[in-house]
> 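Encoded as structure tokens, here's the structure I'll be asking about.
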Amino acid sequence: MTRYPKIRILLLTILILSFVLLPGKANSSEKSKSKRKKRSRKGKITCIICHEQLGKEKALWVKQWQESIHGKNNVTCPACHGGDPSSFNKPKIKGTGYLGKPSRTEIPEFCARCHSDTSWMRQYNKRTDQLSQYKTSKHGMNLYQKNDTKVAVCTDCHGRHDIPEVSNPASLANHKNIAETCSKCHGDADYMLPYNILTNQLTAYYNSYHGMIMKNKVDGKNPSLVPSCPDCHSPHGAKPPEVAEIANVCGNCHMQTEKYFHDGVHKVALDEVNKPRCIDCHNYHEIRYPTTDLFVGESMFHCGFCHLTNSKEYLRGLKIKEAIENAEREIDKVEKMVLTLQETPGLDVIDLKENLQRARRNVLEAVPRTHSLVEEDVTKYTNKALALTNEVEQKVEDMKEEFVTRKKGLFAALMVIFFLICSLLYKRWLLELKEEEI
Amino acid sequence: MMKPELKGKKKPNEPVGLRGLLSWFTSEGFLNDVLKKRLGISDNLINKFKNNLQPKKKIHLGAYISWILTFLFIIECLTGMFLMMYYHPTIAEAFEDVRYITNIVPYGWLIRGIHFWGSHLMILFVFFHLLQTYLKGAYKPPREITWISGMVLLLLSLGFGLTGYLLPWNQISFWASTVVTEVPMAFPYIGHYLKLIARGGENVSQVTLTRFFSMHVMALPALTTFFIVLHLIPIRKYLIPRDLITHFIAILLCFALLISLATLSPAPIHEKADPYHTPNKVKAEWYFLAAQEVLELAQHLDFLGGWAPKLMGVLIQIFVILILFLIPFLDKNPARNIKKRPFAVTFISIGYCAFIILTLVAKFK
């Protein structure tokens, strides 16, 4: 035993080290696993290696995929196109599940393999109803029922290999771009000829109040909050809203207005004769900012278009118009007075401005109530606005008066001081005389 | 049992009765019964006072300014005391309190206006007083202490302006104070600590407001009173000014100017301070504009690199103040007549011209 102490120590050291290094070995086996994984990725990369070498458009697909949401989430070529990319030899052979390039008819189902798979999409917290919605859309119905391949499929709005996330401003389906994307087909008169539908939607939309906000032409309004095409027509289940749906579609955003519309007499008429819908007064696509002018006149979208100008209903509309305009006029007038008063430093107009804002809010409350067409509902709020405005006007007058009073007070104080100074000068003069006499 | 009268003991004064009280309101009664008999003021002092009532033809302007300054300090103390009755130095209440004082408190707008304009006039007259004293050579021996205490009073007046400016807690005051309290950062290594001391934290906040308020109403008035006394001790024989009537007229005129400004151009209110909304251009009060401009001009020294430009801007100003402090010791010319002191006159003229030009440039650019 003692003959080979060095060998024994060496063996012992190896034994201890092997224990110590065992986890390290395990780690290295994990590493090799991930390496294999990487290799399998490398296998996927075989597509890339070839396609990059093929150059031109095929190389561009690779680049586009790398920058896409799929590339960033490691959803690689076989996930869509199938096949076994681990081999350079015959990746397209049968039995490897290679799908190749899908036809336009196949595309929705092609994408839906993942996007309708709830268990797969859960990790990305994304919706999975796109295909079912698409099938109910005009696009989907034409595709599946009429085999019309001219209709929009997934790739037309989202791109093929270059698919950014919808929230990405570069995405064709982004809220800011979607109107332009829809218009690529819907604005093309030749393309739309077989369908017999209008092609001026985009121009009309950009002329509308919604479109102006979207184009950042309205101060203080957030473009991300205004509707674009999919907000009214649905993103995947796109088709024009039916008569009965219109109020609901508009009401998705204009909730207050919808409520008052449902309370009013127009809703009864809508149920009976399918009129008036929102679009009958406000137009569609080219929805201008509504003013009280809609209550006057006989042209389209105005009250007189449906009602006789001497009818009870038309006159009621005029009264509502007058109530709102009167309140707005008064607020504008008093606001000018407040702004003039503000120019005098030291005069506190903070409360006055707040009250005017409250008055404006009351008018804003009154405006959706015009849809109920109950005069008292509207005047209740316009009267509140007028009361607040009158209060502010009174305060402005009081402040002006007080300022005049202050000036009068100052004049009186200056007179007293002047008198005191004169008295002191007189006393001084007397003292001077006395001194001279001495 | 009757108490025996002590011989030789002075007989107490007889009660004067209501008739006696009425006699106090006559000039003779007031002089003899009140001033001499009851207040114990000596004939000597009364005669001096009477003598000072006499008009004097040669009274220099400086005498009026110094009394106007004293008057303004008293006015600031009094109006400040009234404002404190309603003001709470918290960021939640300060702005609303100022509005309450201006809108609700009877004559609150006038009190606040007088306090506001009084501070401006006080600093303006301090600058005048400095110039007039300098030109008159009144800093020369034995008046060195008066000059130094006067310089301290100038800095204290500016301190009043600085600390009082934040108290209304409006947008302008908040951001101007933020800019001013950023100035110490010009000093390398210690700048950050100086800023922390000034603000009581990284940002202008409640701590800064409390700090500035306590400085404004406690430390600075106490120090100012002390230095006013120190300022006046060497010239105590002039405490009763010659030609009292003319002095009184000057004070009345100043008061008239003060109430006119307070009425016709009331102290502004602005908007409540919003730390998350920076105004486009933040300007300090007029008396700090020149300093602000020097700091901006110093930025052109960026070829010095790093913190040097900012530091230079601050050091230049400290140097000027130091020179002013040491004037009585640096100026060895015994002459007081300005015609015999061309160098000294040129120095102050350049100084004041630079101050005015820098202020105007900062104001209108």
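The chains referred to below are lettered A, B, ... by the order of the sequence lines, with proteins before strands, and numbering in each begins at 1. Just the heavy atoms: all of them, side chains too, but no hydrogens, waters or symmetry mates, feed the values below. Here the structure is a predicted model, which means the values were calculated and not measured.
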> Side chain, backbone, both or neither: which part of Phe418(A) has a heavy atom under 4.5 Å from chain B?
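Answer is neither: Phe418(A) stays 4.5 Å or more from chain B.
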
> Tell me whether Phe82(B) at atom CZ has more than 12 heavy atoms from other residues, nucleotides or ligands lying less than 6.0 Å away.
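Open: at most 12 neighbouring heavy atoms sit under 6.0 Å from CZ of Phe82(B).
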
> Considering residues, nucleotides and ligands other than Lys408(A), do more than 12 of their heavy atoms fall under 6.0 Å from its NZ?
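Incorrect, the count does not exceed 12.
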
> Quick check for you: to the nearest 0.5 Å, what is the distance between Leu253(B) atom CG and Leu420(A) atom CG?
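CG of Leu420(A) is found 11.0 Å from CG of Leu253(B).
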
> Over all heavy atoms of both residues, which pair between Ile417(A) and Phe255(B) is shortest? Give the atoms and the distance, please.
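Closest approach of Ile417(A) to Phe255(B), heavy atoms only: CD1-CD2, 3.8 Å.
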
> Would you say CZ of Phe128(B) has more than 12 non-hydrogen atoms from neighbouring residues, nucleotides or ligands within 6.0 angstrom?
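Counting other residues, nucleotides and ligands, CZ of Phe128(B) stays at 12 neighbours or fewer.
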
> Give, as side chain, backbone, both or neither, the part of Leu264(B) having an atom under 4.5 angstrom from any heavy atom of chain A.
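For Leu264(B), heavy atoms of backbone and side chain both lie under 4.5 Å from chain A.
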
> Give every donor-acceptor pair under 3.5 Å between a side-chain atom in residues 336-347 of chain A and any protein atom, sequence neighbours left out.
{"residue": "Thr340(A)", "atom": "OG1", "partner": "Lys336(A)", "partner atom": "O", "Å": "2.7"}

> Using non-hydrogen atoms and a limit below 4.5 Å, what part of residues 351-371 of chain A faces chain B?
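The list, in residue order, reads Asp351(A).
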
> Roughly how far, to the nearest 0.5 Å, is the CG atom of Leu414(A) from the OG1 atom of Thr263(B)?
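Here the rounded value is 8.0 Å.
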
> Counting heavy-atom pairs closer than 4.5 Å to chain B, which one of Val416(A), Asp348(A), Val349(A), Leu425(A) comes out on top?
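When all of Val416(A), Asp348(A), Val349(A), Leu425(A) are compared, Asp348(A) has the most.
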
> For the CD1 atom of Ile421(A) and the CG atom of Leu252(B), what is their distance to the nearest 0.5 Å?
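Between atom CD1 of Ile421(A) and atom CG of Leu252(B) there are 5.0 Å.
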
> Heavy-atom distances under 4.5 Å only: say whether Ala267(B) touches chain A with side chain, backbone, both or neither.
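The backbone, not the side chain.
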
> May I have the step-by-step check of side chain to side chain contact (heavy atoms under 4.5 Å, CB included) for Phe248(B) and Lys427(A), ending in yes or no?
CA-CA 12 Å; Phe248(B) 195 57; Lys427(A) 177 74 181 169; over 6 Å; no

> With chain A as the partner, which of Ser265(B), Ser260(B), Pro268(B) has the greatest number of non-hydrogen pairs under 4.5 Å?
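Winner by heavy-atom pair count: Ser260(B).
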
> Do Ile350(A) and Phe95(B) have side-chain heavy atoms sitting under 4.5 Å apart?
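A side-chain contact under 4.5 Å exists here.
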
